[in-house]
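Since the structure comes first, as structure tokens, the remarks are kept for the end.
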Protein chains: 2
Amino acid sequence: MQDFVNWFRSWVNSGCLLVFAANCEVRYSGRAESYLPKGDRLVMIKPDNSVHVHQPSGNMPVNHMREGAQQVIEEVDGCWVVRSSHAVNKEELLIQLHKVYFFQEQLLDDGKKVVVAGTEADMAEMIYDHPEIIEAGFTPLSREEHTKYGFIDVFGFDGDNNLVVIECKRQTADLHAVTQLRRYVEKIKQSKGLDKVRGIIASPEISANAKKMLEDWGFGWRRIKPPKFLEKYDKSQQRLDYY
Amino acid sequence: MQDFVNWFRSWVNSGCLLVFAANCEVRYSGRAESYLPKGDRLVMIKPDNSVHVHQPSGNMPVNHMREGAQQVIEEVDGCWVVRSSHAVNKEELLIQLHKVYFFQEQLLDDGKKVVVAGTEADMAEMIYDHPEIIEAGFTPLSREEHTKYGFIDVFGFDGDNNLVVIECKRQTADLHAVTQLRRYVEKIKQSKGLDKVRGIIASPEISANAKKMLEDWGFGWRRIKPPKFLEKYDKSQQRLDYY
DNA sequence: GGGGAGAGATGCCGC
DNA sequence: GCGGCATTTCTCCCC
């Protein structure tokens, strides 16, 4: 343990990523309060001073501090504690150490950003490029006009010159999506002083309840799948190739 | 590298957590498509076979596979690749390794769950225990009856025997909270054939727009702060104490 | 630069 | 397995 304490103190602010496994208790106070009883966890502290406590299962860290925290190790009542605090966010994380299994540090050089396709914005883009997938005669507004309406995904006119608001969802549209669309339609009606504004949800799927509420409100739905520009699926090999 | 490959193969399905740092490229295909160019990252694979790729900064993993994936290491075009695939979810993650800096495995024993205070459920609990914080004469329904109505936070009668639906929000209530409350009230009105059902939002704050919409719909608001049982803030010391 | 408000994404829980 | 909701969120826009 003393090895770990000395090493921890020389590591602080070294710019290295730190990772260690330990038997510990964890306490958090900030936006919520939590306590995690004694058990084995993996702790990672990044060069940006974010802290991540992981249990052996589960997708999310059981506790974490965001970047900009300050870390110290100190003895409290005969027990070593890693104290991570974030004055601005009024948050504090305490990791009470009972046994440290291993520890390791590493300098990581990485400035690259991930490139993603298949988002909601890609769906809107696709509808702009191929408005006929909504319906014959549908004409989106120019992108310049569109930006004035901010949060609406796609905005245009149908063949009868009715305004149409389209809300895109990457996956199954739910009740929330319908109430959202309804708010937008009512907002546009009001600001334009219009009587009729159509609302359409574009998504690969829609839940039964959402479909019902949509129809109750006189809105429509189009089955549209988000584009996956990077994907090249080779069925014969049952694997994925890129570029 | 060959050490790592051999070690990786003996580690697979050992029940240990695995962590390594490497210079790598990462490709993902599944719910979306992504590509991350060459750089240094930390990779963690848990005993539940979830995979987490972390860059040296950022709160979230840049890529991850959820529990139940299958991991193999294989040589592709002269380069070693960790392939993680999830047949059910039709997801695949490829980590192309250029250099491995360190690797470590550890058996972690942990069955404990985190205890959180200050959630929406805690607020509902508090209202059950102290119904007078809503208003004099308010009587919540028993928890058993309450479960019949599903996801409504608190449900009861006021002094005039009107039904009251209460929606709790941990922080500032927004437009979404109001539309949610409205859905619940309308649902109850319909299923009970009632003319008058009151709706109340309980939250520490409420946005101006939400307040307005709330009043337009004849609903009410009570300023209620989520309980933080674990917190004891010692102002004189400007630090936190627990228990 | 800090705070507020709205929208988005993802995990989790219950049916 | 799916639907619905919560969240230790994120981001942008405003001041």
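The chains referred to below are lettered A, B, ... by the order of the sequence lines, with proteins before strands, and numbering in each begins at 1.
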Nucleotide N/O of nucleotides 10-15 of chain D paired with protein N/O under 3.5 Å:
{"unit_1": "D:dC10", "atom_1": "OP2", "unit_2": "A:Arg66", "atom_2": "NH1", "d": "3.3"}

Does D:dC5 have a Watson-Crick or wobble mate here (both distances under 3.5 Å), and if so which one? C:dG11

Phosphate oxygens OP1/OP2 of C:dG6: is one of them under 4.0 Å from a side-chain N or O of B:Ser207? yes

Quick one: closest heavy-atom pair of A:Trp221 and A:Ile201, and the distance? CD1-O, 3.1 Å

Does B:Arg170 put a side-chain nitrogen or oxygen below 4.0 Å from OP1 or OP2 of D:dT7? yes

Mind calculating the distance between CD1 (A:Ile201) and P (C:dA7) to the nearest angstrom? 14 Å

Between B:Arg183 and D:dG4, is there a contact of a side-chain N or O with OP1 or OP2 at under 4.0 Å? no

B:Tyr28 OH - C:dA9 C1' separation (whole Å): 13 Å

note: A:Gln55, atom CD; C:dG11, atom C1'; distance rounded to Å ~ 15 Å

Contact class for B:Gln180 (heavy atom, under 4.0 Å): base, sugar-phosphate, or nothing? sugar-phosphate

Using a cut-off of strictly less than 4.0 Å, decide whether B:Lys169 has a side-chain nitrogen or oxygen near OP1 or OP2 of D:dA6. yes

In terms of heavy-atom contacts, does CD of A:Glu186 have more than 12 from other residues, nucleotides or ligands at under 6.0 Å? yes

Remember a base hit wins even if backbone is also touched, and classify A:Asn89 as base, sugar-phosphate or nothing at under 4.0 Å, heavy atoms. nothing

Taking A:Asp110 for its side chain and B:Gln55 for its backbone only, find out whether a donor-acceptor pair lies under 3.5 Å. no

Please determine if A:Arg198 forms a cation-pi arrangement with A:Phe219, meaning its NZ or CZ atom is less than 6.0 Å from the six-membered ring centre and no more than 45° off the ring axis. no

Classify A:Gln171 by what it touches in the nucleic acid, base, sugar-phosphate, or nothing, heavy-atom distance under 4.0 Å. nothing

B:Tyr184 and B:Phe151: aromatic ring centres closer than 6.0 Å? yes

Can you check the A:His54 NE2 to C:dG11 P distance for me, whole Å? 12 Å

Which distance, rounded to the nearest 0.5 Å, do you find between the CD1 of A:Ile73 and the CZ of A:Arg83? 12.0 Å

Quick one about A:Gln96 and A:Arg27 (side-chain donor to acceptor, distance below 3.5 Å, no hydrogens or angles considered), yes or no? yes

Show, in sequence, the C-alpha distance, side-chain angles and deciding distance for A:Val82 and A:Glu74, and conclude whether the side-chain contact (heavy atoms from CB on, under 4.5 Å) test is met. CA-CA 7 Å; A:Val82 172; A:Glu74 56 191 30; over 6 Å; no

note: A:Lys187, atom NZ; C:dA5, atom C1'; distance rounded to Å ~ 11 Å

Looking only at side-chain N and O atoms, does B:Tyr184 come under 4.0 Å of OP1 or OP2 in D:dG4? no

Closest to the side chain of A:Glu120, out of D:dC5, C:dG6, C:dG8, is C:dG8

I want to confirm an ordering. Mapping B:Lys113 and A:Val88 to their closest nucleotides on DNA chain C, which one lands closer to the 5' end? A:Val88

Output yes when at least one side-chain N/O atom of B:Asn209 is less than 4.0 Å from OP1 or OP2 of C:dA5, else no. no

Earlier contact from the 5' end, DNA chain C, for A:Asp153 and B:His64: A:Asp153

Rounded to whole Å, how long is the line connecting atom CG of A:Leu175 with atom C1' of D:dA6? 15 Å

Taking the nucleotide of DNA chain D with the closest heavy atom to each, which residue, A:Ala173 or B:Thr119, is nearer the 5' end? A:Ala173

Atom-pair distance (CE on A:Met65; C1' on D:dT9), nearest Å: 15 Å

Given atom CG of A:Asp174 and atom P of C:dA7, what is their separation to the nearest angstrom? 14 Å

Return the 5'-most residue of the pair B:Val114, A:His176 with respect to DNA chain D, ranking by each residue's nearest nucleotide. A:His176

